[in-house]
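Here is the structure we will look at.
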Amino acid sequence: MLLSDIQQCKTQKRKMFAMLIDPDKQSAADLLRLSEKINQPCGPDFILVGGSLLFNNIDVAIETLKQCTDKPIILFPGSAMQISAKADGVLLLSLISGRNPEFLIGQHVQAAPMLAKSGIEVIPTGYMLIGEENYTSVRYISNTMPIPYDKNDIAVATALAGRLLGLQAIYLEAGSGATKSVSSEMVKAVNEAVNLPLIVGGGLCSAAEVQKLLQAGADVVVVGTSIEKNSNLIAEIAKVVKEF
Ligand code: 1GP
């Protein structure tokens, strides 16, 4: 259902906004405070929950979110430990920019029995780290090298491989809190080469930046860190996405 909604939006050239909640950074009180902004008519289309490394329990975070909103809650798991049957769906991430078998298949084997039993919707997603920063958490925890920021050809070839392997979406990721988001040139190149829903996130700080990436071909934009700093951005970004 979630994947078909995302695919339908792409076909109809409508864009989507996913708000990322990191349960270690947003307490239950923070989430309750944010709920008004999440639920306003100009809010996110769905919520992603997860992080490269979590200290807090994902089930508890989802339960709290479910008290705050009816929007779909999709897992964005940093590992098999972040799978929860309480979510509505999961981006099952294959870290195809990297060469670490643990994030290409190992964690998936760990997660598969619980995922199959839970019946939550699985969205097989080619996850591609982009950029040259040494210090993003996702780079350290995944122990993989990102695709260099300006190597659009490598990004295109990697996304194509993901499509040929049957993945249903591509996520271009600069890393949470990145100082430089994925370039619009790379988004354009990947979008033209691969007709799959294209999710883009990492380091997005303003509605103007979001607009640029939508114009380049992003179908879903993901914003987390900058909203933690300024919750008014929720409405600003949602407006740009809805009016695109
Ligand atoms: C990170 O793409 C997401 O996985 C969102 O990044 O926290 O920088 O918005 P930010």
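Note that ligands are numbered from 1 as they come in the structure, with each ligand's atoms numbered from 1 the same way. Every value quoted in this text rests on a predicted model; they were computed, and no experiment measured them.
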K66 and D88 ion-paired at < 4.0 Å: yes
Where at least one partner belongs to residues 39-55, residue pairs that pass side-chain hydrogen bond (donor to acceptor under 3.5 Å, both in side chains), sequence neighbours excluded: N39-T69
N/O contact list for ligand 1, threshold under 3.5 Å:
unit_1	atom_1	unit_2	atom_2	d
ligand 1	2 (O)	Y171	OH	2.9
ligand 1	2 (O)	E173	OE1	2.9
ligand 1	2 (O)	E173	OE2	3.3
ligand 1	2 (O)	G202	N	3.0
ligand 1	4 (O)	E173	OE2	2.4
ligand 1	6 (O)	G202	N	3.4
ligand 1	7 (O)	S176	OG	2.6
ligand 1	7 (O)	T225	N	2.9
ligand 1	7 (O)	T225	OG1	2.5
ligand 1	8 (O)	G177	N	2.6
ligand 1	8 (O)	G203	N	2.7
ligand 1	9 (O)	G224	N	2.8
ligand 1	9 (O)	T225	N	3.3

Test: D59 and K86 ion pair at under 4.0 Å: no
Pair F244 + F17: ring centers closer than 6.0 Å: no
side-chain hydrogen bond (donor to acceptor under 3.5 Å, both in side chains) pairs, two or more places apart, involving residues 192-202: K188-E192
Residues which pass ring-ring contact (aromatic ring centres under 6.0 Å, His included) with F103, listed by chain and number, not counting sequence neighbours: none
